[in-house]
Number of protein chains: 2
Amino acid sequence: MMEKSGPPLTAPVEDYLKTIFEIEVADAAGSGRREHPPAAGTNEIAQALGIAPASVTGMLRRLAEQGLISYERYRGVRLSDAGRRAALRTIRRHRVIEAYLTSALGYPWDRVHQEAERLEHAASDELIDRMAAAIGEPTTDPHGAPIPTRDGTLDARPLLALVDVDVGHVVRIRMVGDRDPERLRYLAELGVTPGADVRVVARAPFGGPITLRIVREGSEGSRVTGRSGRSDRESAIGPSLAAQVFVESRRKREA
Amino acid sequence: MMEKSGPPLTAPVEDYLKTIFEIEVADAAGSGRREHPPAAGTNEIAQALGIAPASVTGMLRRLAEQGLISYERYRGVRLSDAGRRAALRTIRRHRVIEAYLTSALGYPWDRVHQEAERLEHAASDELIDRMAAAIGEPTTDPHGAPIPTRDGTLDARPLLALVDVDVGHVVRIRMVGDRDPERLRYLAELGVTPGADVRVVARAPFGGPITLRIVREGSEGSRVTGRSGRSDRESAIGPSLAAQVFVESRRKREA
DNA sequence: AGAAAATATTAGGCAAGACTAAATCTTGCC
DNA sequence: GGCAAGATTTAGTCTTGCCTAATATTTTCT
Ligand SMILES: [Mn+2]
Ligand SMILES: [Mn+2]
Ligand SMILES: [Mn+2]
Ligand SMILES: [Mn+2]
């Protein structure tokens, strides 16, 4: 067996697989424990990629033909093993590139994502490995997302959305969504960056703001604003933003 | 006026423009001084890109519609100003990437070309500028080819093919063709790398070999083989190889 | 259950790029 | 000056990806 590669995947195909993988991961995390493995829907994929649902249907047929997904009309899709491998490979590239751009070239963390979105399809495996080696084999990207290993293992530690943390708890920021540059600049401004510890000081009801205090500065992003040592300030963020910030519980302590 | 960019060019379009530019340069150099500006032929382009001539015709029509070339059926093409600007931009990207990969990531000079061939279409201007800055704004790529400036100026110093150097002359290696990895490895092996000085010791008639002595080591490529201090060795190379090695005359001295 | 809403697919097009086979220009040469 | 060789273009297809409009299926809600 061991049918390695076949023809190289096109950039759109890699982006589809990556997107499907990310939807599967998000669904699995959302539904507590996974039921049957979650399936990604056509609309979900279309929205994530910014293209029309009808276009997705066409691509899904092709992906199924190539054995990268399993596809049942009207039922959504699931990555095959080959598809998952390909997705993880692209995700590794993306994240290594992001890490390299910030570490080695001084790129601000709010602009690496769009750059990586294109480079991930053009860089060879050798280049990715050299980049990773040059910056000390990082295990996460600048936004805290784990980098898959060369052989396709992804650290899937379960994280908690900041919006779900109870008042009084101190948590460590682990990961923030990297899609929106403005959001990233704002979070860096607040000091909400991977590695920082924050205490949830208050939480207003009915979708109101969450008040945080930075207990310890993070690493990434502080370079972005140049500011530091303002760790004693409180800030309030809305729940939709807090839903995109993922944390690790440090000590269970009831509110 | 000042109609800046328009829609971004596709990777194939960038490669066509680059190829046409390189053909025009080679033709101009070949014909001593330029007559009327030289025109690139369909077959030439097809061969350089490794695609069928019929496919080239179709693309040339599209490039002409976009104002990137002037095209008269059966008569060959010439870059427009817009086309030349685009070509130089791509060439700058290509060469900066090659230089960065060797300087910053330890890439061997025989493998940077293929990597740059893909990355040149995916890197942003900002990334190219950061790369160039990170390695000290190099003026040539690892193979000695001049890097166009940000504003599209290219150092067009006339070079001489090593095959045309008379016996007895000492010349400095300036540039070698970068397409063939094997050839590059072989040249590095011989010490024929940019910056090296070589004396043409002998030249056999009827397309026979050219005997060289390395008078002074070059910089690039010596790292490739790790070897050095063997500058006292003579080597003989064939005329077709010597036609791909370009040099600068150091002192005019009759043979 | 049955209709409305949400999801998803089909139908029909288009543009970019590439190919092969079959014309058609241009040129060099006798 | 004409003709064969070489260069180039045309004709006719394909595949990939994407779009809109129309249709079909599934889910949800009364
Ligand atoms: Mn991408
Ligand atoms: Mn990221
Ligand atoms: Mn290229
Ligand atoms: Mn080069």
Side-chain angles (χ1 to χ4, degrees), chain A residues 6-20 23-24 26-27 31 35-36 38-78 83 86 90 117-118 120-122, chain B residues 6-20 23-24 27 31 35-36 38-78 83 86 90 117-118 121-122:
Chain A
L9 304 178
T10 64
V13 165
E14 290 184 334
D15 281 337
Y16 272 89
L17 295 175
K18 206 175 50 155
T19 297
I20 294 168
I23 289 171
E24 287 186 352
D27 283 3
S31 71
E35 330 143 1
H36 304 274
T42 300
N43 275 355
E44 252 175 321
I45 298 168
Q47 205 200 349
L49 290 170
I51 64 190
S55 307
V56 172
T57 299
M59 178 64 96
L60 294 185
R61 199 188 353 261
R62 263 171 276 146
L63 295 179
E65 268 164 26
Q66 295 184 247
L68 295 166
I69 61 175
S70 71
Y71 176 39
E72 217 175 333
R73 264 167 40 275
Y74 289 102
R75 284 280 142 72
V77 301
R78 211 157 291 164
T90 306
E117 200 55 60
R118 281 172 286 110
E120 66 190 353
H121 312 293
Chain B
L9 304 177
T10 64
V13 165
E14 291 184 333
D15 282 337
Y16 271 88
L17 295 174
K18 208 175 47 156
T19 297
I20 294 168
I23 289 171
E24 287 186 354
D27 283 2
S31 71
E35 331 142 0
H36 303 273
T42 300
N43 272 358
E44 253 174 320
I45 298 168
Q47 205 200 347
L49 290 170
I51 65 191
S55 308
V56 172
T57 300
M59 177 62 96
L60 294 185
R61 202 188 353 260
R62 262 170 275 146
L63 294 179
E65 269 164 26
Q66 295 182 247
L68 295 166
I69 60 175
S70 72
Y71 176 38
E72 217 176 334
R73 266 167 40 276
Y74 290 102
R75 283 282 144 69
V77 299
R78 211 157 290 164
T90 305
E117 200 55 59
R118 283 173 282 108
H121 312 293

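This is a predicted model, so every value here is computed, not measured. In the text below, chain A, chain B and the rest are named by the order of the sequence lines, each starting its count at 1.
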With sequence neighbours excluded, residues passing side chain to side chain contact (heavy atoms under 4.5 Å, CB included) with A54(B): none
Distance-only check: which donor-acceptor pairs under 3.5 Å involve side-chain atoms of residues 6-15 of chain A, not counting sequence neighbours?
unit_1: T10(A); atom_1: OG1; unit_2: V13(A); atom_2: N; d: 3.3
unit_1: E14(A); atom_1: OE1; unit_2: H121(A); atom_2: ND1; d: 2.7
unit_1: D15(A); atom_1: OD1; unit_2: H121(A); atom_2: NE2; d: 3.1
unit_1: D15(A); atom_1: OD2; unit_2: H121(A); atom_2: NE2; d: 3.3

Contact check, side chains of E44(B) and Q47(B), non-hydrogen atoms, under 4.5 Å: no
Touch class at under 4.0 angstrom, heavy-atom based, for [X] against every strand present:
| X | answer |
| --- | --- |
| G58(A) | nothing |
| T57(B) | base |
| G76(A) | nothing |

Starting at atom [atom1] of [X], determine the distance to atom [atom2] of [N], rounded to an integer number of angstrom.
| X | N | atom1 | atom2 | answer |
| --- | --- | --- | --- | --- |
| E65(B) | dG17(C) | CD | P | 12 Å |
| L49(B) | dG17(C) | CG | P | 12 Å |
| Y71(B) | dC25(C) | OH | C1' | 12 Å |
| R75(A) | dA8(C) | CZ | P | 11 Å |
| I69(A) | dA8(C) | CD1 | P | 13 Å |
| E72(A) | dT9(C) | CD | P | 11 Å |
| Y74(A) | dT25(D) | OH | P | 5 Å |
| L9(A) | dT15(D) | CG | C1' | 16 Å |

With E24(B) via salt bridge (charged side-chain N to carboxylate O under 4.0 Å, His left out) - residues at least two apart: R84(B)
Which atom of P53(B) lies closest to which atom of T42(B), heavy atoms considered: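 P53(B) and T42(B) have their closest heavy atoms at O-CG2, 3.6 Å.
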Per-nucleotide protein contact string for nucleotides 16-22 of chain D, where B marks a base within reach and S marks sugar-phosphate only (heavy atoms under 4.0 Å, - for neither): SBSBBB-
dT8(D) OP1/OP2 closer than 4.0 Å to side-chain N/O of N43(B): yes
N/O (side chain, R73(A)) to phosphate O (OP1/OP2, dT26(D)) under 4.0 Å: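 R73(A) to dT26(D) OP1/OP2: no side-chain N or O under 4.0 Å.
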For dT15(D), the Watson-Crick or wobble partner whose two distances fall under 3.5 Å: dA16(C)
Could you give the side-chain donor-acceptor pairs of residues 55-66 of chain B under 3.5 Å, partners two or more places apart or in another chain?
none

E72(B) with R78(B): basic N within carboxylate O range, under 4.0 Å: no
